[in-house]
Engineer: 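Quick one: the structure is below, questions incoming.
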Amino acid sequence: MNDVADDESASDAETEENADANGDTVDALESSDPDEVGPVTWIEQQPLPYPSDALEPYISKETVEQHWGIHQHIHVERLNGMIGGSEWEGMSLGQMMLSSFNEGREAPHPPFFHAAQIWNHDFYWRSMQPGGGSKPSERLLKFIKRDFGSYDGMIQQFMDAALTQFGSGWVWLSYKGSKLPHVNSRSPIPSDNYGRLVISKTPNAINPLVWGHSPLLAIDVWEHAYYLDYEDRRADYVSTFLEKLLSWETVESRLKKAVIRAIERDGHVSRKHVRKQLLAQGKSRIRARPQQANENARGQTSSQEKPLGV
Amino acid sequence: MALRTLISGKTLAAAALGGARTLAAARGVATVALPDLPYDYGALEPAISGEIMRLHHQKHHAAYVANYNKALEQLDAAVTKGDATTVVQLQSAIKFNGGGHINHSIFWKNLKPISEGGGESPHQKLGWAIDEDFGSFEALLKKMNAEGAALQGSGWVWLALDKEAKKLSVETTANQDPLVTKGVNLVPLLGIDVWEHAYYLQYKNVRPDYLSNIWKVINWKYAGEVYENAVA
């Protein structure tokens, strides 16, 4: 049985510390958080969080300048060309992305491809840092071991997903609030309803946000992301990303926010939370019944008031 | 596809005579091989660079061949054991790698150095059919360029012949899906690879430039032969 109490303690820590590993760039990204409601008429491209040569020798300056400066930029241009006067004008990037996804019914609406690719790339740049690739913290490793068996097991699963994404797409590590596909579903099996880390692969522009997951890290496996530096060798690119570029601090700070989101947005409930609730209920019941309290004082137990049993 | 078709005529005849001997004992898996290019890697320059041709053939196509053969061996073992779960689980690797082999085998034949006739417009039957079904040769090129450029992600743009309706059309397929996934009667006359690996080293993200240049080395003679055989 998964012990989800740890997820809660992680989120408690979050409320104490507000500083994120990447400072204002993470805040800037959170402005494209789909939960945010802020009117934006024209989408602006987020700046790179480091200079274009900062990821060398693993990802070249040329690739970064092509990838951010041309590929991602064109998506911004195309999206801005589509949204004026449309139903999407005034939405944030995240809202545009989720609403134009059309809930996965048939093809998405035209803005989806561009909005999602803009969001995906912003997320990808910020999943990396110069000098990244060190191991995750002990706290994060505990979740990884819980959900994948071991760190190496997680890496293997990640590599498999990257090499079996047959075409263009992305590979993700995400936090999912429940075992079930839909974020608001409730299973009668309590352990299904606890959050967990998952690895997923998505084609073209799709990302796990559309499934209600909270992404923690992304790698772009479109060929343009690695062809200039690695040619056809996608495996070399992915292992280099994991060993030399990935920012585990960013992953951990995103996880803290994901746990909060699961609780506040999705009604995710943990054992610790239920226990707290019942305790609170029990206390208020005792205070409301003074006779009962006097009986307690005389030594007669009111065994029905015992709230714990979850 | 029935594995029986992979068994040689000799074993079939022996089985027919033998009676008691099972076909399964004689079953072997016919693997595929990387075809040679009918021209040098650099022969299609400047439309497609020699570096791209070399990587495309020696790395990408070779990987499809190797992975398809591996999946076929695994499929054979799973079918023999009656392991339906593995049979089903192998389908995506077979579709992807098998499709990659099929599509690229066609692609190499669709290209020809300029010195050997690459780029010369289609004549006679195919030329007339293009005029009839698209209005003009230029209109066909414009349509293929537009659909190839608009394809999101990876895939192919095809000049297809519906051999039942005897009609030409422009189709696109995603990833390595062969043309037949768009219609059982569709015959590929011409396929253009619009995966990024087909053009990125030379054209970067400007796929339209790649498309407008590749016509200089398209082998219309081969497309015409396929067309005439299919409608005959």
Side-chain angles (χ1 to χ4, degrees), chain A residues 60 62-79 82 100-101 107-117 120-121 160-161 163-170 201-207 220-237, chain B residues 49 51-68 70-71 89-101 103-104 149-156 172-178 181 193-210:
Chain A
S60 65
E62 193 192 359
T63 293
V64 174
E65 288 180 350
Q66 270 290 122
H67 202 174
W68 179 88
I70 301 182
H71 284 269
Q72 190 178 3
H73 183 71
I74 289 180
H75 284 298
V76 175
E77 279 181 16
R78 297 264 191 278
L79 182 63
M82 293 179 171
S100 62
F101 181 63
H109 297 300
F112 177 77
F113 180 55
H114 302 297
Q117 282 294 78
N120 296 341
H121 283 92
D160 286 346
L163 298 179
T164 57
Q165 181 41 44
F166 292 145
S168 317
W170 300 78
K201 60 188 183 191
T202 56
N204 294 351
I206 295 194
N207 62 42
D220 188 349
V221 293
W222 283 63
E223 284 174 327
H224 64 242
Y226 60 89
Y227 215 81
L228 294 179
D229 299 325
Y230 295 88
E231 293 168 343
D232 61 297
R233 299 184 312 273
R234 190 187 279 188
D236 285 352
Y237 158 67
Chain B
S49 74
E51 196 192 1
I52 286 181
M53 289 304 294
R54 182 183 59 81
L55 281 167
H56 208 169
H57 182 246
Q58 284 184 1
K59 298 289 160 101
H60 293 276
H61 191 172
Y64 295 133
V65 166
N67 291 330
Y68 176 62
K70 191 172 92 172
Q89 190 252 331
L90 285 167
Q91 297 309 306
S92 68
I94 288 171
K95 183 179 185 188
F96 175 64
N97 290 296
H101 170 61
N103 294 339
H104 286 85
L151 192 152
Q152 287 178 2
S154 307
W156 291 75
T172 57
T173 56
N175 303 326
Q176 292 300 350
D177 295 356
T181 57
D193 189 349
V194 291
W195 279 66
E196 286 169 330
H197 65 240
Y199 60 89
Y200 204 77
L201 292 179
Q202 189 177 352
Y203 294 95
K204 303 290 183 330
N205 84 309
V206 194
R207 196 192 280 176
D209 281 359
Y210 159 69

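Proteins get letters first, then strands, A, B, ... in listed order; numbering begins at 1 in each.
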Engineer: At under 4.5 Å between heavy atoms, what parts of residues 193-203 of chain B are in contact with chain A? List them by residue number.
Structural biologist: Trp195(B), Glu196(B), His197(B), Tyr200(B), Leu201(B)
Engineer: With a sphere of 6.0 Å drawn around NZ of Lys204(B), does it hold more than 12 non-hydrogen atoms of other residues, nucleotides or ligands?
Structural biologist: yes
Engineer: Of the non-hydrogen atoms in Ser154(B) and Ser168(A), which two are nearest, and what is the gap between them?
Structural biologist: OG-OG, 2.5 Å
Engineer: Side chain from CB out, backbone as N, CA, C, O: work out which of these in Glu62(A) comes under 4.5 Å of a heavy atom of chain B, or both, or neither.
Structural biologist: side chain
Engineer: The criterion is salt bridge (charged side-chain N to carboxylate O under 4.0 Å, His left out); which residues satisfy it with Glu51(B), sequence neighbours excluded?
Structural biologist: none
Engineer: At what distance, to the nearest 0.5 angstrom, does NE2 of His114(A) lie from CD of Gln152(B)?
Structural biologist: 6.5 Å
Engineer: Rounded to the nearest 0.5 Å, what separates atom CG in Asn204(A) from atom CG in Leu151(B)?
Structural biologist: 8.5 Å
Engineer: Is it the side chain or the backbone of Asp232(A) that comes within 4.5 Å of chain B heavy atoms, both, or neither?
Structural biologist: both
